[in-house]
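Note sheet for the following structure.
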Amino acid sequence: MQIWHPFTQHGLNEPIIEIKTSENEFLITKTGEKIIDGISSWWVNTLGHKNPVITKTIQKEAEKLHQIIFAGFTHKPALNVAERLSKFLPENFTHIFFSDSGSTSVEVALKMAVGYHYNKGQKRSKIVAMEHSYHGDTFGGMASGARSVFNEPYTKMLFDVERIPYPAPGKEEETIKYYKDLLEKKGGEIGAIILEPLVLGSGGMFFYPPYVIDELYKLSKEYGVIFALDEVMTGFGRTGTMFAFNQTNIMPDIICLSKGLTGGSIPLAATVCTKEIYNAFLSDDKAKMFFHSSSYTANPIACAAACANLEIWQNNDILKDVKRINDFYQTQIERFKNLGCKNVRTLGDIFAYEVNHTGNDYVSNIGVKLYEYFRKNGVLLRPLGNTVYVMPPYCISNESLEKVFNIMETGIKEAL
Ligand SMILES: *Cc1c(COP(=O)(O)O)cnc(C)c1O
């Protein structure tokens, strides 16, 4: 049997590289080549590969407890995650629901929001999402996310979503106005809005400012719309704060967490919500319970890894490293502008720009060419179409950062 890899066109004979081990910002291949992981292995790895504290914790927990049923039973690692995570979140977040991937954390958020209204006897099942957004590859995630070549075969199966425009620089007011008009017209049907705060990741690393979130939130509250933030990518320091919503003045009703939750070690996800949401399911009527579970809900080993990760965040100034990385990025903006790159931008751990191009979609060849050039030179970056971005683990050394940026420069000059 052969392995069918994700987001891979095997028909193009893309090479598949076997990794033997990993450490800090490096992936180390079977043949001993060291590759700098410039995208944190698709955004999961925050602290660095094989963080020793997390590794130890996993080893210890594996001897104590593997998966157990989580309906009617609980365990210390899960209780500890709830307790430790609450130290990083406003008190209004009173409940945590575990699942096992970013996509499922979004499905859970959508089901919580729609179920909330249903249990209150309200027919408000419409979801609002943003243009260019990405919320995962399951059906609810695909429906909420941007429609593209990624999900075209499934278009007819995806539920309708009200879409607000991306607040591009200078167009922020248009987005707010669009949402206001939408609520005036259809407010009574709308159950929830789900957003990637500050950065639309997979959609192309598009940024927008915190005040837009503040304004969309105010409008949502006026119309009784549940405000859900998908912090699957932005959570755990990516935007320069622990969570992206820390840069706003709002208190979301629901947030989705996954990628950085275990520091990039084992899959785990959490959907965190307020008492108001939870209470809508609290009843002596069984039919009102929240009908959702994953078999591996709150896996004890994964929860222990999350606890270790949260403890590291508690005891160390991780954001100082994010700042160090961003300070370096600031010194690179002019350089990439001078290379002819467009929209050179940075936020927290993210540096992104567009290279000159003729076509503008994900399948365009520019990204593939650059990917191959970077990889042959010991750097893993996976451009999104003609958008090149860097998002390394926070432990990356200054030397490795320099190397990534030097390879990007020669890549732009030589590969294009
Ligand atoms: C990656 C991502 C998801 C999906 O997470 P998976 O763990 O891949 O299912 C959802 N939302 C956002 C914003 C993401 O970046």
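We count ligands from 1, going down the list as the structure has it; atoms in each ligand are counted the same way.
- Interface of Trp43 with ligand 1, defined as ligand atoms under 4.0 Å from a residue heavy atom, comprises 15 (O).
- Under the 30°/60° scheme for interplanar angles, the aromatic rings of Phe245 and Phe93 are found to stand perpendicular.
- Ion pairing between a basic and an acidic side chain is recognised when a charged N comes within 4.0 Å of a carboxylate O; Lys221 and Asp253 show such pairing.
- Side-chain polar atoms of Asn326 and Gln330 form a donor-acceptor pair below 3.5 angstrom.
- Each of Lys185, Arg124, Lys186 was evaluated against Glu162; a single residue qualifies, Lys186, per the salt bridge (charged side-chain N to carboxylate O under 4.0 Å, His left out) test.
- Neither the backbone nor the side chain of Trp42 comes within contact range of ligand 1; no heavy atom lies under 4.0 Å.
- Close approach of ligand 1 to Met233 is summarised as follows: ligand atoms under 4.0 Å from at least one heavy atom of the residue are 15 (O).
- Here Arg345 pairs with Glu354 in a salt bridge; the nearest charged N to carboxylate O distance falls below 4.0 Å.
- Salt bridge annotation for Asp214-Lys218: absent, with no cationic side-chain nitrogen under 4.0 angstrom from a carboxylate oxygen.
- Ligand 1 places these atoms under 4.0 Å from at least one heavy atom of Glu196: 13 (C).
- Among Ser258, Ser103, Pro267, the residue whose heavy atom lies closest to atom 9 (O) of ligand 1 is Ser103.
- Under the 4.0 angstrom criterion for non-hydrogen atoms, Lys259 is in contact with ligand 1.
- Compare Thr234, Asp230, Leu268 by their heavy atoms: the one nearest to atom 11 (N) of ligand 1 is in Asp230.
- The only member of Asn309, Asn316, Asp321 that meets side-chain contact (heavy atoms from CB on, under 4.5 Å) when paired with Leu47 is Asn309.
- The closest protein non-hydrogen atom to atom 6 (P) of ligand 1 is Gly102 N, 3.4 Å.
- Only the backbone of His135 comes within 4.0 Å of ligand 1, counting heavy atoms alone; no side-chain atom from C-beta on gets that close.
- The atoms of ligand 1 that sit less than 4.0 Å from any heavy atom of Gly136 are 4 (C), 10 (C).
- Atoms of ligand 1 found under 4.0 Å from any heavy atom of Ser101, numbered from 1 in the order shown, are 7 (O), 9 (O).
- Glu172 places no side-chain N or O within donor-acceptor distance of the main-chain N or O of Val212, the cut-off being under 3.5 Å.
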